[in-house]
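Okay, structure first, notes after.
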Amino acid sequence: MEKKAATNRPKQTRILERRTFLKQIGSIGVTGLSLTGTPFLAGTRGESPGEVIYNGIRAPSAWPPRLASLSLEPMAVPYLASPPEIIPIDVGRQLFVDDFLIERTTLRRTFHAAKYHPENPILKPDKPWEQTGRDSAAMVFSDGVWHDPQDGKYKMWYMGGILKSTCYATSRDGIHWQKPILDVQPGTNIVQAGRRDSSTVWLDLEEKDPQRRFKMFRSHGDGGWALSVHFSGDGTHWSDVVCRSGPCGDRTTVFYNPFRKVWVFSIRGDDSKLGRIRKYFETRDLVAEAGWKADEPALWIGADRLDPRRKDLNTQPQLYNLDAVAYESLLLGLFTIWRGQPQDRAKPNEVCIGFSRDGFHWHRPDHKPFIPVSENFGDWNWGNVQSAGGGCLVVGDQLYFYVSGRSGIRGSPASGACSTGLATLRRDGFASMDAGAAEGALTTRLVRFCGRHLFVNVAAQGGQLRAEILDKEGRIIERFSQTNCLPIKVDRILQIVQWQGTNDLSALAGKPVRFRFFLTNGRLYAFWVSPSFSGTSNGYVAAGGPNFKGPTDT
């Protein structure tokens, strides 16, 4: 028999999650409780009460939720504790990174880390203006890496020299990069000179004004830490400061949440117990509303007790940065975790992964490094691995993640040469639901769709996958039964599911149904119902890719 999804996690973990949730409700001083059970403080500005978002989750009536304090316990995620009765699945591929979509299963979930590209680093500090004393830098410090559908180029913005300037590079394949000579600072590829810390560059494909197509959020300490906002039509010629954010910490970054059409500021904060943390502020109008007051951003998230300590430091980890991007049907979070500061090497920070389906609450089911530092002195990423703005790109059947790394200087906490590298992952490959020789099954919760064709991302070349569809009462719809399903025995990121005589699900559109998948010797990564025989998902494609003309897979 299939197990309920909740029992697919260790009992101790489930008890802990429940205790954490009750503890937040009972002891952090909340003055209200949303319809999803999220604790919050009254008086926050935000959406109309009980807004239902794209995936059926009912948002808290006060948004963003106002937590009175943070703790070392993992963040409670109310939509996992109480998912919608019926989940709309028309936006994006549906990933199995959590139990949100799963009612019952006997499959085993496996999380997968990205793999470094063999040609790393793909961008090195080899120009005079990228040198800074004994350190040098050609590294993304968030900044941004995007594929621009307007001219078909990969584009990268990066820190040139330690805290010196922002530079620009282009590529035709995302692996081999050129540093074009530009006219901004003649003879260089510098697009913005002047002292900077963290920076985020965003290619905004929903922007109507062509002169604001690119947006830069530059962190600097002039007159107190803040972000200066700049616009550009070509990504190389930037406006003067359009507006300035409210007060923040140095490593403050920004992302766009297209599910709710808001810009989110991931604000570096400090906590007496947790050290570096994140605060949250959102706005729809960058120019008019980015200048928050000190007490306006909401407490958000920090590292937690499940983040492993390094044996050579035994220091409680902290959350150094959080970049995020919309990928398919959810927000993908890249958590840079600070492991401590050795006196004889650069910070051994590394990138971990998290997922959000409501834009605020983060589920971090796997605390192991997604993109780690190297423990071998002399490697380009011996220290301080950090993510890029835009998160990742969709390139064929792979996801491309760009990160910075620092070679360090032995016996010193200095950065040394700071470069940019590439890590890759199978598309949708963050987590898989797996079966061995014994057949396993997975039944979804009730879902609703408007499409016509069921697709899966599956690796079953040594086994097989079949599917069936159940009605609201749990009865098998005969023409879409397991026995009528043509077995799938391939390894493909886009594979249609067919039944004898049909692959058209349009008669079920708008009706609550469950999908049940049967798998042997394989991995199931995602499913979705497409309006097209080509398998388009209508989901978001992060920082884009060569097969996309806009922000979504259409």
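Scope of the values below: all heavy atoms of this structure, side chains included, with no hydrogens, waters or symmetry mates. Being a predicted model, the structure only gives us computed values, none of them experimental.
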Test applied, salt bridge (charged side-chain N to carboxylate O under 4.0 Å, His left out); reference residue, Lys261; option that passes from Glu282, Glu207, Glu206 = Glu206
Kindly indicate, with the supporting measurements, whether the criterion ring pair (Phe, Tyr, Trp, His ring centres under 6.0 Å) is fulfilled by Phe355 and His363.
-> CA-CA 5 Å; Phe355 310 94; His363 181 53; 7.5 Å; no
Mark yes or no: Arg345 above the aromatic ring of Trp382, with NZ or CZ under 6.0 Å from the six-membered ring centre and no more than 45 degrees from the axis.
-> yes
State, with a plain yes or no, whether a side-chain heavy atom of Leu393 is found less than 4.5 Å away from one of Leu399.
-> no
With a 4.5 Å limit on heavy-atom distance, are the side chains of Trp202 and Phe255 in contact?
-> yes
Partners meeting salt bridge (charged side-chain N to carboxylate O under 4.0 Å, His left out) with Arg93 (sequence neighbours left out) | Glu328, Asp428
With a 3.5 Å cut-off and no angle check, do the side chains of Asn384 and Ser404 form a donor-acceptor pair?
-> no
Indicate yes or no: at least one non-hydrogen side-chain atom of Asp271 is less than 4.5 angstrom from one of Gln318.
-> no
From the list Trp157, Phe214, Trp238, Tyr158, ring-ring contact (aromatic ring centres under 6.0 Å, His included) partner of Tyr168 resolves to Trp157
Pairwise side-chain contact, Lys155 with Asp151, heavy-atom cut-off 4.5 Å (strictly under) = yes
Give, for atom CE of Met156 and atom CG of Leu123, the distance between the pair rounded to the nearest 0.5 Å.
-> 5.0 Å
List the steps, then state whether ring pair (Phe, Tyr, Trp, His ring centres under 6.0 Å) holds for Phe265 with Trp292.
-> CA-CA 11 Å; Phe265 290 78; Trp292 60 79; 4.9 Å; yes
Going by heavy atoms in the side chains, are Trp177 and Ser171 under 4.5 Å from each other?
-> yes
Strictly by modelled atom types, are Arg305 and Gln316 linked by a side-chain donor-acceptor pair under 3.5 Å?
-> no
